[in-house]
Amino acid sequence: MYQYHKLGCPIAWVSDWLNKFSLFKIKLNTDSCLSCGACDKKCYIVAMEPAKYSLYKPATEKPGNSYTCSKCLECVAVCPNGSLTYKV
Ligand code: SF4
Ligand code: SF4
């Protein structure tokens, strides 16, 4: 339903465009990441295409850079040790 909403909503199109050029990004600290996978379980983008996207697995696309990322920041909130941050 969320994807349907985004495709049909002009405000979401602008939001997607701003997302692309935003200075703020979801960043991973690979040194402190425990590879627990909790962040991926919270992200609807990963849920739709788990082979393509992951917030922490190497050699995968980062859902935070996707135009469909809503910046819900559930991934950041669920991380048990603050390895994900949303900053410039
Ligand atoms: S902010 Fe939300 S949509 Fe974006 S990567 Fe994190 S959990 Fe996924
Ligand atoms: S929730 Fe945090 S510690 Fe767990 S895999 Fe994601 S970034 Fe790494």
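Numbers here simply count residues along the sequence, with the first being 1. Computation of the quantities below employed the complete heavy-atom set of this structure, encompassing side-chain atoms and omitting hydrogens, waters and symmetry-equivalent molecules. In listed order, ligands and their atoms are each counted from 1.
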| message | Who clusters with Ile26? Use side-chain heavy atoms, under 4.5 angstrom, across I, L, V, M, F, W and Y, and order the result by chain and number. | response | Leu23, Phe24, Leu28, Leu55, Tyr56, Leu73, Val76, Leu84, Tyr86, Val88

| message | Tell me the protein heavy atom at minimum distance from atom 4 (Fe) of ligand 2, and give that distance in Å. | response | Cys36 SG, 2.2 Å

| field | CD on Glu61 to CD on Glu49, rounded to 0.5 Å | value | 8.5 Å

| said: Counting non-hydrogen protein atoms only, what is the nearest one to atom 2 (Fe) of ligand 2? Give residue, atom name and distance. | reply: Cys79 SG, 2.3 Å

| Every N, O or S from the protein that is nearer than 2.8 Å to atom 6 (Fe) of ligand 1 | Cys75 SG

| task | For the residue pair Pro80 and Leu34, establish whether any side-chain heavy-atom pair is separated by less than 4.5 Å. | result | yes

| said: Would Tyr86 count as a contact residue for ligand 1, given that I'm defining contact as a non-hydrogen atom of the residue lying under 4.0 Å from a ligand atom? | reply: no

| query | Got Ser32 and Ser83 here, is their nearest side-chain heavy-atom distance under 4.5 Å? | reply | yes

| message | Is the contact between Asp40 and ligand 2 made by the side chain, the backbone, both, or neither, using heavy atoms and a 4.0 Å cut-off? | response | neither

| query | To the nearest 0.5 Å, how far apart are NZ in Lys57 and SG in Cys39? | reply | 9.5 Å

| message | So if I count the atoms of ligand 2 from 1 in the order they appear, which ones are less than 4.0 Å from some heavy atom of Leu28? | response | 7 (S)

| message | Whether the side chain of Thr85 engages the backbone of Lys87 through a donor-acceptor N/O pair (distance < 3.5 Å, no angle test) should be reported. | response | no

| query | Around atom NZ of Lys27, are there more than 12 heavy atoms of other residues, nucleotides or ligands at under 6.0 Å? | reply | yes

| query | Should we say atom NZ of Lys71 is surrounded by more than 12 heavy atoms from elsewhere, each under 6.0 Å from it? | reply | yes

| Does the side chain of Tyr44 reach to within under 4.5 Å of the side chain of Pro63, using non-hydrogen atoms? | no

| query | With atoms numbered from 1 as shown, which atoms in ligand 2 lie under 4.0 angstrom from a non-hydrogen atom of Tyr56? | reply | 5 (S)

| task | Provide, to 0.1 Å, the distance between atom 8 (Fe) of ligand 2 and the closest protein heavy atom, together with that atom's residue and name. | result | Cys33 SG, 2.3 Å

| remark: Ser35 heavy atoms within 4.0 Å reach ligand 2 at atoms 5 (S), 8 (Fe)

| query | How close does the nearest protein non-hydrogen atom get to atom 3 (S) of ligand 1, and which residue and atom is it? | reply | Tyr44 CE2, 3.5 Å

